[in-house]
Amino acid sequence: QVQLVESGGGLVQAGGSLRLACVASGRTFSSYAMGWFRRAPGKEREFVAAISWSSASTSYADSVKGRFTISRDNAKNTVYLQMNVLNPEDAAVYYCAQDSRRYRNGVPTLQSEYDYWGQGTQVTVSS
């Protein structure tokens, strides 16, 4: 059974940084793309960033480009989201997700392309 466990959320001042981590277990981590999504209060869950199974490709939402960086360490079965220059609009519950397809060509950005999700980690940004 696949499990995804996020960590690293918390309270940070505007302009600050946080690094989220997601540890995966249950199937061969290195074979699957990974993604980060977020849900702010009163809003739909939205795409943030994703990385291909090979790490060769990444994709970012326009709202986080240049501030967030996704990476992965296949030896640790872990995907990271480095978040810099945080602003109150970034406050949300952040979820990691694992691609439903092994060795996908490209980077999945749609929620429907992921079949396993973590429980989320809260990020709060004070102004």
Side-chain angles (χ1 to χ4, degrees):
Q1 183 173 352
V2 174
Q3 286 192 318
L4 303 176
V5 180
E6 303 98 335
S7 62
L11 172 64
V12 64
Q13 287 189 330
S17 298
L18 281 176
R19 188 175 82 153
L20 306 183
C22 172
V23 180
S25 62
R27 60 187 185 187
T28 307
F29 178 78
S30 59
S31 302
Y32 296 87
M34 298 294 295
W36 286 97
F37 292 77
R38 68 186 182 187
R39 177 182 281 137
K43 295 187 177 181
E44 299 290 323
R45 188 165 58 185
E46 65 176 1
F47 171 74
V48 175
I51 186 167
S52 64
W53 62 271
S54 65
S55 299
S57 300
T58 57
S59 181
Y60 296 92
D62 288 343
S63 59
V64 308
K65 278 181 184 175
R67 300 188 298 121
F68 291 11
T69 303
I70 189 171
S71 62
R72 64 189 298 159
D73 184 341
N74 288 340
K76 296 182 178 180
N77 287 359
T78 302
V79 61
Y80 302 97
L81 186 67
Q82 177 66 45
M83 306 186 295
N84 298 328
V85 196
L86 285 160
N87 59 62
E89 289 70 38
D90 296 315
V93 177
Y94 283 73
Y95 302 89
C96 73
Q98 191 169 67
D99 194 356
S100 62
R101 186 184 301 178
R102 293 179 68 197
Y103 303 122
R104 181 187 296 270
N105 183 27
V107 181
T109 61
L110 301 177
Q111 296 185 50
S112 59
E113 295 179 299
Y114 293 85
D115 57 355
Y116 287 100
W117 296 79
Q119 292 188 321
T121 185
Q122 177 72 52
V123 171
T124 304
V125 183
S126 63
S127 57

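Heads up: numbering here begins at 1 and tracks the sequence. We use all heavy atoms of the structure for the numbers below, so side chains are in, but hydrogens, waters and symmetry mates are not. The model shown is predicted, which means the values in this text are computed figures rather than measured ones.
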Is the shortest heavy-atom distance from the side chain of L20 to the side chain of V123 under 4.5 Å?
yes
Apply side chain to side chain contact (heavy atoms under 4.5 Å, CB included) to residues M34 and L4 and explain how you reach the verdict.
CA-CA 11 Å; M34 298 294 295; L4 303 176; 4.1 Å; yes
In the structure I gave you, are the side-chain heavy atoms of F29 and K76 within less than 4.5 Å of one another anywhere?
no
Joint cluster assignment, F47 & Y116, ILVMFWY side-chain distance < 4.5 Å
no
What one should report as the nearest heavy-atom pair of L86 and L18 is CD1-N, 3.9 Å
What one should report as the nearest heavy-atom pair of P41 and A91 is CD-O, 4.3 Å
Closest non-hydrogen atom pair between G106 and S52, with its separation
O-CB, 4.0 Å
Between W36 and F68, is the ring centre distance below 6.0 Å?
no
Heavy-atom nearest pair, A49 first then L81, reads CB-CD1, 4.1 Å
Do T58 and V107 have side chains that get closer than 4.5 Å, going by heavy atoms?
no
State the CG-OG1 distance between D90 and T124, to the nearest 0.5 angstrom.
11.5 Å
Applying salt bridge (Lys or Arg N to Asp or Glu O under 4.0 Å) to R72 and not counting sequence neighbours gives none
Could you check R45, E44, E46 and say which one makes a side-chain hydrogen bond (donor to acceptor under 3.5 Å, both in side chains) with Q111?
R45
In short, Y60 meets I70 closest at the heavy-atom pair OH-N, 2.9 Å
Check whether any side-chain heavy atom of L11 sits under 4.5 Å from a side-chain heavy atom of S126, and report yes or no.
yes
Any side-chain heavy-atom pair from R39 and Y95 closer than 4.5 angstrom?
yes
One should read off an interatomic distance between T69 OG1 and M83 CE, to the nearest 0.5 angstrom, of 11.0 Å
Verdict with supporting geometry, S17 and Q82, side chain to side chain contact (heavy atoms under 4.5 Å, CB included)
CA-CA 7 Å; S17 298; Q82 177 66 45; 3.9 Å; yes
Yes or no on side chain to side chain contact (heavy atoms under 4.5 Å, CB included) for Y94 and V48, after CA distance, side-chain angles and deciding distance?
CA-CA 9 Å; Y94 283 73; V48 175; 4.3 Å; yes
What are the two closest non-hydrogen atoms of R38 and A92, and how far apart are they?
CB-CB, 3.8 Å
Rounded at 0.5 Å granularity, tell me how far CG in N74 sits from OG in S30.
5.0 Å
Pairwise distance CG(D99) to OG(S31) - rounded to 0.5 angstrom:
10.5 Å
Rounded to the nearest 0.5 Å, what's the gap from SG on C96 to CD on Q119? Could you check?
10.5 Å
Hey, is the main chain of V23 close enough, under 3.5 Å, to the side chain of T78 for a donor-acceptor pair?
no
When you measure from the side chain of Q1 to the backbone N and O of G26, does any donor-acceptor pair fall under 3.5 Å?
no
Applying ring pair (Phe, Tyr, Trp, His ring centres under 6.0 Å) to Y114 and F37, what does each step give before you reach the verdict?
CA-CA 11 Å; Y114 293 85; F37 292 77; 5.3 Å; yes
Count I, L, V, M, F, W, Y as connected when their side-chain heavy atoms are under 4.5 Å apart, and connections chain through other members. Are W117 and Y32 then in the same cluster?
no
Decide yes or no on side chain to side chain contact (heavy atoms under 4.5 Å, CB included) for R27 and R102, but give the supporting numbers first.
CA-CA 10 Å; R27 60 187 185 187; R102 293 179 68 197; over 6 Å; no
Mark yes or no for whether R67, through its side chain, and V85, through its backbone, hold a donor-acceptor pair below 3.5 Å.
yes
